[in-house]
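To start, the structure itself, in structure tokens.
Residue numbers begin at 1 in each chain, while the letters A, B, ... track the order of the sequences.
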Amino acid sequence: TNVEKVSTENKNTVVAKDVNIITSDGLPTIAISKLAKEKTIIKEGYNINYSIEKTPETLSTSIMKEEADIAIVPSNMAAIAYNKTSNYQIAGTVGCGSFYLVSTENINDFDELVGKDVWNTGKGLTPDLTVKSILKDKGISEESIDFNYVNTTNELVPLLATGKATTGFVPEPALTTLIEKNPKIKIIKGLNDTWKEINKSENGYPQSTIIVKSSFVKENEEFINAFLGQVSNSIDWANKNGEKAGEYAKEIGASIQPDTITKSLERSNLKFIKIHNSQQDYKDYYSKLMNFDEKSLGGKIPDEGIYFTEK
Amino acid sequence: MKAFTLLKNKLGKNIVEVVLSCTILLFLWECIALFINNEIYIPTLGQVFKSLNNLILETGFFINIFMTIKRTIVSILISLFIAMLIGVSGYISRVIRNFFRPINMIIQSVPMMILVVLALIWFDKDNAPYIVGVLVVFPILYENILGALSSIDKTLLEMSNVYKLDLKDKIIKIYLPSIKFRLATIIVSTMSLGLKVVIAGEVYGQPDYGIGSMIQLEKVNFNTPGIFAWLIIVIIISGALEILQKLILRRTFIWKR
Amino acid sequence: MKAFTLLKNKLGKNIVEVVLSCTILLFLWECIALFINNEIYIPTLGQVFKSLNNLILETGFFINIFMTIKRTIVSILISLFIAMLIGVSGYISRVIRNFFRPINMIIQSVPMMILVVLALIWFDKDNAPYIVGVLVVFPILYENILGALSSIDKTLLEMSNVYKLDLKDKIIKIYLPSIKFRLATIIVSTMSLGLKVVIAGEVYGQPDYGIGSMIQLEKVNFNTPGIFAWLIIVIIISGALEILQKLILRRTFIWKR
Amino acid sequence: MEEISLTIKNINKSYNEKVVFKDFEITLYKNKVNCILGKSGCGKSTLLNILSKIIKNDTELYSEIEDMQISYIFQEDRLIDWITIEDNINLVLKNNYKKSDRENICKKYLKEVGIYEYKEYYPQMLSGGTRQRANIARAFVYPSQIIIMDEPFKSIDISSKKQIMNIFKTIIQKEKRTVIFVTHDIEEAIYLSDNINILGETPTVSKLFFNDKSKFNKELIENSI
Amino acid sequence: MEEISLTIKNINKSYNEKVVFKDFEITLYKNKVNCILGKSGCGKSTLLNILSKIIKNDTELYSEIEDMQISYIFQEDRLIDWITIEDNINLVLKNNYKKSDRENICKKYLKEVGIYEYKEYYPQMLSGGTRQRANIARAFVYPSQIIIMDEPFKSIDISSKKQIMNIFKTIIQKEKRTVIFVTHDIEEAIYLSDNINILGETPTVSKLFFNDKSKFNKELIENSI
Ligand SMILES: Nc1ncnc2c1ncn2[C@@H]1O[C@H](COP(=O)(O)OP(=O)(O)OP(=O)(O)O)[C@@H](O)[C@H]1O
Ligand SMILES: Nc1ncnc2c1ncn2[C@@H]1O[C@H](COP(=O)(O)OP(=O)(O)OP(=O)(O)O)[C@@H](O)[C@H]1O
Ligand SMILES: [Mg+2]
Ligand SMILES: [Mg+2]
């Protein structure tokens, strides 16, 4: 019996595979909050570790070091990861653009930004590039607007909250907090909506992307497919049960307060789209980013191989 | 007796004036806060102390502080160990000294932020605060150890050779004390620096517990009173370190007139 | 003559060894880079120099560097001005000295990141790098100026009183030189620190031009060769500062034997 | 031999509990070298510092040299290390002579003490003896009625000591100034002084001995010290 | 009077271009106080440092004191500031006596130089004179055949100087050790020494004068210096 026991143990340890799932803090966390909190079993024999990376630094390094089997990252980081490691593929979108043009001033559209001080985050990074791409498509010269930058939303919100800045681009869920702190802030336009109009796109531009490690996929395709299905469910659930989702997110370690999450869900554009339904969105988005700075994609537009297609 | 009272009076005056200064500062703060009346710019004392109180009641509060201090101390001990090793080698051999010169220069000029990213890439993210702490503290300790050794009174060494002291005695009675006296004067400011750097490392590396992680959390939620509350805690720790410095100096230099 | 050659030889040996050390380091780097063969962990020299080359060819490259250096220098000048003012007042009056003690302590213990956020909120964002630079540099300059004044040889002051020197002469010939000699020994390391801090301020404040903004861009886009290229530029600036230090010391202390 | 005496009375000084002077008084003779001889720690420097107002007397001082200009030859050179010898000398000239005169005066005295060739050197580049010569030159250059000297030859090695003492003697014989010369070396005292005042044990309360030049005798002084 | 002589030959030393000794030789007498008298800068300290191997002779040295143990009474005290007087003394005892003996030996000499009561003080708390006594005690405590002294009384003030010189004289008369005593003070030399060697100008190439004790005479020495 002794021998038998050992052998079954061995079997168990051989079968129970560790899967590392990494998400960035914020909206992507909500997408998987149900799975992580309820420890939903995706498939027998898999042992799932969820971790939430709170800073861009830890998120990007753990992807680049290929520590994640599955990760939810900004969509340009998906391209960088593919170009630099050749080991990550896009499996789907979990959220489209959640950036909004907000202002305390009385404006209604992008063309009224001309001549104004407008604040954005991360000069040369994707929020900036996305805005500039929209402006270009709308025929507004970016030189006609006085852009001001701070590093991240964390620095931008206090400026808008105190009125030191009047107009800017803020993503959810920070936007919800901002409106609470400064009720005079009005939402002028959603970047995603504008993008849809301009590009005749159904969903808008992809913001959060679920990527999977190719070497992991090869051996665990079933698991991945099951997981993607569960993510889709989890997102649907979160969109319907905002309060619960907020609590869950907090409990699994998200930084944002539950009620903020709850209130922000409406504008968050969380939505699971499989990659074969959104390839074109990525291609459009990447080619627009490429027009501004190839480095934002890790040097070049990723080839077809980046798109994970089920066989 | 008279001298003692005099000294005490002077010390007393200093303390009174410092306390007065603190009071004035707090008062000014409160006035400005009430005037501006916007907690994002500057929270009132009341808001900050409420935050502070909440923080202290939270589970994990002391663990956060403990972990940060632990990281600081461990970083300093590791740096000390390496600095002793390389410092002594550098004292003995000019070649080694020159070999480490560019390395030190490079370490010292790398901006914090790059240091953190490289630490994250090359090492485990939980170790990032240590790595950053060690890299910032090491050059300081190394230069001081090397400096202490090089500035040992040559005449004492001559004396110890004439009287044929053992190497062991020379190390225990001359070399180590010289290093000790030098380090005693800088160890606490180095710890302060280490603390700040470790906190910065925590902000980026986001270990589970740590003051830096907490500050970042408050920042993400735009909770200015919370940031100030942590600030007060950091200032209290720094204050405690300053007192520690005084004690260390008094103990170490009892032999000075 | 002989002494001169000897000195030169020793200096020569030092330089040779330092250059050798740099070469070994570069060689090691290249070996490791080739071995790991993954630019994410560590890019090869070739990749870095390609990046560096691209950087230099970009428009705005020199403006970035120039702006960062300008911010550093301006921060130091402002700090110097304030530190002189408060340092001299503190030397004259114990009350002022004690009043500024807690302020200094607080400034020195505030973690960088909080400093930046507060600077962004309280002041103009373009000024954030200056504010941060000044707040970090000021306490160092202040303490050194106060220290220099307090450690002026009392006997010289007695002499100047006996011979009834003007206050003006005393300031020009005794007080200012004493401050100058102290500052000469620390000004460059303070500038190095200021540079690092200004770069950090630029990361957060994102001014139009600045090394910090550039590094952040490379970092977020995970362009490791680019990060290393900027690192090399920062190291070169630091190296230039070290040479400057040597020159300053040689010039300032010509009167020393 | 007509001698004008200058009296300083009511000298009182204690450091914390330690009384150094108690109702002490001293009489100096104008345009003479007045020597004050005493053991280490008996209060010689303290006395000089009171006379030159570097430290305050504990009570009100009665001093007949109150308003006179004073030069001080310190035991250590007290030259400013970072300006040249010439500049050190010029510094004390500045408020007292016209610009045009300064150079000549400076030159004259630097030549007299024999260090004119070193005028552009910084003090630290010179030997202790040379620096002490500059110290002496500075004292003479300054238009003082009183020259105070606190063991000026103490830290000079014997070979230069004799020379410098002779230089001093030569200059002081030409110029008429009142010198207060503190030393603990009896031979120096005998060699240079016109009169010798011996300071007793601390607290110095007694009046001083006064020795006429003719009575100078090493044995005698040694016994009374 | 039988005297055992110890010869040191082939002393050669140059600093850069400056030749201090060239083929110099000196003869010491065993268990005597051998004085070396010379002006500042003539090479006295250099000579002592060669004898005690603190600095290397430029050529091979012929030294009859090569293998002897040496104590050195330095001009500055060279005590370790951060350990007590007692520990300073014990340090040089450690390799030479059993632990049980050390305390007694230390006590004996500290009493002899008169600073036993200060044994638990740190050097910086004591006056220069007291420290110099400890310096002397350390030299005698150490089981040496040779005691080298480099102007040991130079920085002590006159009042203590006589005392300490007498203490030294008393101890050296009891113990038989060879002393090499460097000074530039002729009176010290006459008072303490059994013989006096006068060092000439640098570079010292000539042999030395040797003066028999009976011929000691201040004028004579002064003229030959
Ligand atoms: N600032 C001070 N505080 C306390 N005691 C002092 C101070 N200055 C001097 N004393 C004491 O006063 C006494 C006289 O000192 P002073 O320096 O005048 O002596 P001195 O005769 O000049 O000695 P020396 O020959 O060593 O220069 C000494 O016993 C000394 O210890
Ligand atoms: N390390 C050195 N480098 C260059 N020259 C030196 C060095 N040490 C001594 N000298 C020179 O060698 C000569 C002898 O020096 P030494 O110290 O032996 O003289 P000394 O007789 O002991 O003088 P003193 O009485 O001042 O102690 C001096 O001219 C001195 O300038
Ligand atoms: Mg004195
Ligand atoms: Mg000597």
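With contacts defined as side-chain heavy-atom distances shorter than 4.5 Å, the pair C/Lys180/D/Trp82 does not qualify. Between C/Asp153 and D/Arg78 the shortest side-chain heavy-atom distance does not fall below 4.5 Å. Residues C/Ile254 and D/Tyr122 are in side-chain contact: their nearest non-hydrogen atoms beyond the backbone lie under 4.5 Å apart. The side-chain heavy atoms of D/Ile54 and C/Asn161, taken from C-beta on, include no pair separated by under 4.5 Å.
Looking at C/Asp166 and D/Lys94, no side-chain N of the basic residue comes within less than 4.0 Å of a carboxylate O on the acidic one, giving no salt bridge.
Heavy atoms from other residues, nucleotides or ligands lying under 6.0 Å from NZ of C/Lys168 number 12 at most. Atom CZ of C/Phe99 has more than 12 neighbouring heavy atoms from other residues, nucleotides or ligands inside a 6.0 Å radius. Atom NZ of D/Lys30 is surrounded by 12 or fewer heavy atoms from other residues, nucleotides or ligands within 6.0 Å. Within 6.0 Å of OH in D/Tyr97 there are more than 12 heavy atoms belonging to other residues, nucleotides or ligands. Crowding of C/Lys70 atom NZ: a count of heavy atoms from other residues, nucleotides or ligands under 6.0 Å not exceeding 12. In the displayed structure, D/Lys98 atom NZ is contacted under 6.0 Å by at most 12 heavy atoms of other residues, nucleotides or ligands. The environment of CD in D/Glu175 is crowded: more than 12 heavy-atom neighbours from other residues, nucleotides or ligands sit within 6.0 Å. Other residues, nucleotides and ligands contribute over 12 non-hydrogen atoms within 6.0 Å of the CD atom of D/Glu117.
Residue D/Asn95 comes nearest to C/Lys164 through the heavy atom pair ND2-O, 3.4 Å, listed as atom of the first residue, atom of the second, then distance. Taking every heavy atom of both residues into account, D/Ile80 and C/Lys173 meet most closely at CG2-O, 3.9 Å.
Interface remark: D/Leu126 contributes no atoms to any contact with chain C (heavy atom separation under 4.5 Å). The parts of C/Ile174 that come within reach of chain D are both its backbone and its side chain, each placing non-hydrogen atoms under 4.5 angstrom from that chain. For D/Phe74, the part lying near chain C is the side chain, with the backbone staying farther off; criterion is any non-hydrogen pair under 4.5 Å.
Ranked by heavy-atom pairs under 4.5 Å with chain C, the list D/Ile70, D/Asp81, D/Ile148 is led by D/Asp81.
Note that the CG atom of C/Asp169 and the CG atom of D/Asn90 stand 10.5 Å from one another [nearest 0.5 Å].
Judged by distance alone, the side chain of D/Tyr72 and the main-chain N or O of C/Tyr163 form no donor-acceptor pair under 3.5 Å.
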